[in-house]
Visitor: 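First the structure, then my questions, so here it is.
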Amino acid sequence: MLKIENLHAEIDGKKILNGLSLEVGAGKVHAIMGPNGAGKSTLAYVLGGRPGYEITEGSATFAGQDLLELEPHERAAAGLFLGFQYPVEIPGVSNVQFLREALNSQRKARGEEPLSGGEFLKLAKEKAGLLRMDMEMLKRNVNVGFSGGEKKRAEMVQMGILDPKFAVLDETDSGLDIDALKIVGEGINAIMRAPDKAVLLITHYQRLLDYVKPDVVHVLAKGRIVKTGGPELALELEREGYEAVAA
């Protein structure tokens, strides 16, 4: 579903990704772990199409398309979802308004009919229920006044409503307490565990992987994948640290 080959990327002349290669098939969850500064968030931003990152070499294809040639909104319409480490606040725009516009924009790009207000609210209520989020929260401005855990849960509701084929989740566990971590993990499983979907889960710690059990774990260091293994690799990293395992 996602295939990255020899990807090199830099920002402001600083090289971040140095020949990264990775392939994620449908129905799979891949976790990427690594120390600070390894290039994990850069990989997420490059896949999502964030401005400012220059691709100097390599390729990335998604569902048979050249991902790097698509604009960010085209990537989203094609089924790519990017979950941010720090979801942004949008004062003056309610979650319901934002999500309905986003969903119907994507549906239009795919040649599908827009959802009516009633249809959308029914869908939003269903997906909010998966994350144990009250609909009143979705009537508030996007992430304004939300706690860290509420922001992450709201973002997972967004993912459920948009129903992507592929989710890149950048440190979704950041800022979550024990209860919120379980809720978010269960939400990811409910929304994205399917034969025709896939997840690239970027995290520092093994704790989220107790709930979203990966098929494959990669270690990213100095801008490239230096080790790949099964779920047991995450436990090894937790015990021994990145330096010992990735050496």
Visitor: Taking the side chain as every heavy atom from C-beta outward, state whether M156 and R153 have any pair of such atoms under 4.5 Å apart.
Guide: no

Visitor: Supply the atom-to-atom distance I32 CD1 to L169 CG, rounded to the nearest 0.5 angstrom.
Guide: 11.5 Å

Visitor: If two hydrophobic side chains count as joined below 4.5 Å and joins carry through other members, does Y205 share a cluster with L209?
Guide: no

Visitor: Flag the pair V212 / N189 as yes when at least one side-chain heavy-atom distance between them is below 4.5 Å, and no otherwise.
Guide: yes

Visitor: I'd like to know if the side chain of N6 reaches the main chain of G58, judged simply by a donor and an acceptor atom lying under 3.5 Å from each other, with no hydrogens or angles considered.
Guide: no

Visitor: Does any part of the side chain of M192, heavy atoms only, come nearer than 4.5 Å to the side chain of P164, both counted from C-beta?
Guide: yes

Visitor: For the residue pair L220 and A38, what are the closest heavy atoms and their distance?
Guide: O-CB, 3.2 Å

Visitor: For residues F120 and L99, report the shortest heavy-atom separation together with the two atoms involved.
Guide: CZ-CB, 3.6 Å

Visitor: Under 4.5 Å between side-chain heavy atoms, hopping through other hydrophobics if needed: is there a path connecting I202 to L67?
Guide: yes

Visitor: Distance-only, no hydrogens or angles: does the H204 side chain make a donor-acceptor pair with backbone N or O of G34 under 3.5 Å?
Guide: yes

Visitor: Given the rule in the side chain to side chain contact (heavy atoms under 4.5 Å, CB included) test, do L115 and N104 qualify, once you have shown the distances and angles that lead to the verdict?
Guide: CA-CA 7 Å; L115 294 188; N104 281 337; 3.9 Å; yes

Visitor: Is there a side-chain contact between I16 and I11, using heavy atoms and a 4.5 Å cut-off?
Guide: yes

Visitor: Among all residues two or more places apart in sequence or in another chain, which pass the side chain to side chain contact (heavy atoms under 4.5 Å, CB included) test with A198?
Guide: M1, V24, F166

Visitor: Identify, with sequence neighbours excluded, every residue that meets side chain to side chain contact (heavy atoms under 4.5 Å, CB included) alongside N141.
Guide: V144

Visitor: Could you tell me the separation between the CG atom of L68 and the CD1 atom of I4, rounded to the nearest 0.5 Å?
Guide: 8.5 Å

Visitor: Can any side-chain N or O of D177 pair as donor or acceptor with the backbone N or O of A180 at less than 3.5 Å?
Guide: yes

Visitor: Please answer whether the main-chain N or O of E171 pairs with a side-chain N or O of K40 as donor and acceptor at a distance below 3.5 Å.
Guide: no

Visitor: Can you list everything that forms a salt bridge (Lys or Arg N to Asp or Glu O under 4.0 Å) with R239? Sequence neighbours excluded, please.
Guide: none

Visitor: I'd like to know if L237 and V29 are part of one continuous hydrophobic network [Ile/Leu/Val/Met/Phe/Trp/Tyr, side-chain heavy atoms within less than 4.5 Å].
Guide: yes

Visitor: Is the shortest heavy-atom distance from the side chain of H73 to the side chain of S105 under 4.5 Å?
Guide: no

Visitor: Kindly write out the residues that satisfy salt bridge (Lys or Arg N to Asp or Glu O under 4.0 Å) with E136, not counting sequence neighbours, or none if the list is empty.
Guide: K139

Visitor: Could you grab the distance from atom CD of E101 to atom NZ of K108, nearest 0.5 Å is fine?
Guide: 10.5 Å

Visitor: Checking E186 now: which residues fulfil side-chain hydrogen bond (donor to acceptor under 3.5 Å, both in side chains) with it, not counting sequence neighbours?
Guide: R132

Visitor: Would you give the length of the straight line joining atom CD of E240 to atom CD of E238, rounded to the nearest 0.5 angstrom?
Guide: 11.5 Å

Visitor: Using 0.5 Å steps for rounding, measure from the CD atom of E119 to the NZ atom of K122.
Guide: 9.0 Å

Visitor: Of all the heavy-atom pairs spanning R207 and Y211, show the shortest one and how long it is.
Guide: O-CD1, 3.8 Å

Visitor: Hey, does N95 have a side-chain heavy atom less than 4.5 Å from the side chain of V157?
Guide: no

Visitor: Can you tell me how far CD1 of I161 sits from CG of L138, rounded to the nearest 0.5 angstrom?
Guide: 6.5 Å

Visitor: Check whether any side-chain heavy atom of T61 sits under 4.5 Å from a side-chain heavy atom of E5, and report yes or no.
Guide: no

Visitor: Would a distance-only check, ignoring hydrogens and angles, find a side-chain to backbone donor-acceptor pair under 3.5 Å from D12 to K14?
Guide: no

Visitor: Identify, with sequence neighbours excluded, every residue that meets side-chain hydrogen bond (donor to acceptor under 3.5 Å, both in side chains) alongside Q206.
Guide: D210

Visitor: Quick test of your reading of the model: are D173 and K152 salt-bridged, counting only N-O distances below 4.0 Å?
Guide: no

Visitor: Under the salt bridge (Lys or Arg N to Asp or Glu O under 4.0 Å) test, which residues partner D215, sequence neighbours left out?
Guide: R193

Visitor: Under 4.5 Å between side-chain heavy atoms, counting indirect links through other Ile/Leu/Val/Met/Phe/Trp/Tyr residues: same cluster for Y86 and V184 or not?
Guide: no

Visitor: Using the side chain to side chain contact (heavy atoms under 4.5 Å, CB included) rule, take V168 and L2 through it: C-alpha gap first, then chi angles, then the decisive distance, then the call.
Guide: CA-CA 11 Å; V168 180; L2 176 71; 5.6 Å; no

Visitor: So which pairs with a foot in residues 16-29 pass side chain to side chain donor-acceptor pair (under 3.5 Å), sequence neighbours left out?
Guide: none

Visitor: Once ring pair (Phe, Tyr, Trp, His ring centres under 6.0 Å) is applied, do any residues pair with Y53, and if so which ones, sequence neighbours excluded?
Guide: Y45

Visitor: What closest approach, in Å, do L233 and G229 show between heavy atoms, and which atom pair accounts for it?
Guide: CD2-N, 3.5 Å

Visitor: Can you name the nearest heavy-atom pair linking L70 to Q65, along with the distance?
Guide: CD1-OE1, 3.9 Å

Visitor: Can you list the residues that meet the salt bridge (Lys or Arg N to Asp or Glu O under 4.0 Å) rule with E89, with sequence neighbours excluded?
Guide: K151

Visitor: List in chain and number order the residues that pass side chain to side chain contact (heavy atoms under 4.5 Å, CB included) with V216, two or more places apart in sequence or in another chain; answer none if no residue qualifies.
Guide: H30, H218, T228

Visitor: Determine yes or no for a side-chain-to-main-chain donor-acceptor pair under 3.5 angstrom, with E232 supplying the side chain and G230 the backbone.
Guide: yes

Visitor: Would you confirm whether E155, through its side chain, and F84, through its main-chain N or O, come within 3.5 Å as a donor-acceptor pair?
Guide: yes

Visitor: My understanding is that only one of L131, I188, L176 makes a side chain to side chain contact (heavy atoms under 4.5 Å, CB included) with I183; could you say which?
Guide: L131

Visitor: Taking all non-hydrogen atoms of both residues, which atom of V46 and which atom of R75 are closest, and how far apart?
Guide: O-NH1, 2.8 Å

Visitor: Are L43 and V219 linked, directly or through other ILVMFWY residues, by side chains that come within less than 4.5 angstrom of each other?
Guide: no

Visitor: Q97: which residues meet the side-chain hydrogen bond (donor to acceptor under 3.5 Å, both in side chains) condition with it, sequence neighbours left out?
Guide: none

